[in-house]
Every structure is written in structure tokens, then in C-alpha cells.
Amino acid sequence: QVQLVESGGGLVQAGGSLRLSCAASGRNLRDYAMGWFRQAPGKEREFVAAARWSGGVPDYADSVAGRFTISRDNAKNTVYLQMNSLRPEETAVYYCAATRMTSAVRKAGVMDYWGRGTLVTVSS
């Protein structure tokens, strides 16, 4: 069992920045890849970024590449999402997720565990 708790959401103006955190706990965390997803009202949940505890090249959705950065602190079992140059259309609930299917981290359907999400509101 893995528990995920997101934090760091809030209200920011367009062009601003936020850093989200995902604190993970449970067994065999290093077996999982960690992903960030978001869901705007009336829309499907979509992939944002992913990383592995073991390292390697992070993965980003095209829409956020160059503006968002995913990172991890293995000592704290925490994954971060630094979001810069935020846009109003990126207002959404942001979720942290974990999957053992490390080759399919873009797919929400294969995630084994989810956090409850944190709301990010970007004002224009």
C-alpha cells in the first residue's frame, strides 16, 4: 500500500509560479514511477509529468515541457512539480500518482495509487 499526499496548490496570477509537493509513504516505493496529472472542470484527467525514484530522464506532456520541472527527494520520499509561466487554462486539480508499470506512466488508467489532489487556480 502506498499513500500519496499533495500540497502546494493555490491561487496564482497568469505568468506566475507554484511548486507542488507529493509526499509518499508505504512499502517498496522505489518500485514505482511517480506521475503528476491534472483535471480541469468538465475535462478528462491528463498527464503532466513523470519521474522514477531510481532516476533517468523525466517525461513531460508537450504542453508543459520547458515550463514545468518534476524532481524528487529520495531522502524525503517526496516528488515535486515546479510550475512556471502558468496559464489560466491550466487551472485544475493536480494529482500525484504512482504505478509499478514504469513504462506506461503517461496513462492514468494504469496508476495504482492516487493522492486526493491539490487545486491550482491561475487567474488572468
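- Aromatic pair Phe37/Phe47: centroids less than 6.0 angstrom apart.
- For the pair Thr118 (side chain) and Gly9 (backbone), a donor-acceptor distance under 3.5 Å is present.
- In this structure, the side chain of Thr78 engages the main chain of Lys76 through a donor-acceptor pair within 3.5 Å.
- Atoms OG and CD, on Ser63 and Glu89 in that order, are 9.5 Å from each other to the nearest 0.5 Å.
- The side chain to side chain donor-acceptor pair (under 3.5 Å) analysis of residues 39-48, with sequence neighbours excluded, yields the pairs Arg38-Glu46, Gln39-Arg45.
- Here the straight-line distance linking atom CZ of Arg67 with atom OG of Ser85 works out to 6.5 Å at 0.5 Å rounding.
- Under the side chain to side chain contact (heavy atoms under 4.5 Å, CB included) criterion, Thr102 pairs with Ala33, Arg52, not counting sequence neighbours.
- Residues Gln3 and Ser25 bring a donor and an acceptor atom of their side chains to less than 3.5 Å of each other.
- In summary, Arg106 and Asp59 engage in a salt bridge, as defined by a charged side-chain N under 4.0 Å from a carboxylate O.
- For the residue pair Ser124 and Pro88, the shortest heavy atom distance occurs at CB-CG, 3.8 Å.
- By the 4.5 Å side-chain criterion applied to Ile, Leu, Val, Met, Phe, Trp and Tyr, Tyr32 is assigned to a cluster that also includes Val2, Leu4, Val12, Leu18, Leu20, Leu29, Met34, Trp36, Val48, Trp53, Tyr60, Val64, Phe68, Ile70, Val79, Leu81, Met83, Leu86, Tyr94, Tyr113, Val120, Val122.
- Summarising the geometry, atom OG1 belonging to Thr99 is positioned 5.0 Å from atom CE belonging to Met111; distances are rounded to the nearest 0.5 Å.
- Looking only at distances, no side-chain donor or acceptor of Glu6 sits under 3.5 Å from a matching main-chain atom of Tyr95.
- Hydrophobic clustering, defined by side-chain heavy atoms of Ile, Leu, Val, Met, Phe, Trp and Tyr closer than 4.5 Å, leaves Val57 isolated from every other such residue.
- For Asn77, the side chain to side chain donor-acceptor pair (under 3.5 Å) criterion is met by Arg30, not counting sequence neighbours.
- Every residue two or more places apart in sequence or in another chain that forms a side chain to side chain donor-acceptor pair (under 3.5 Å) with Asn74 is listed here: Arg72.
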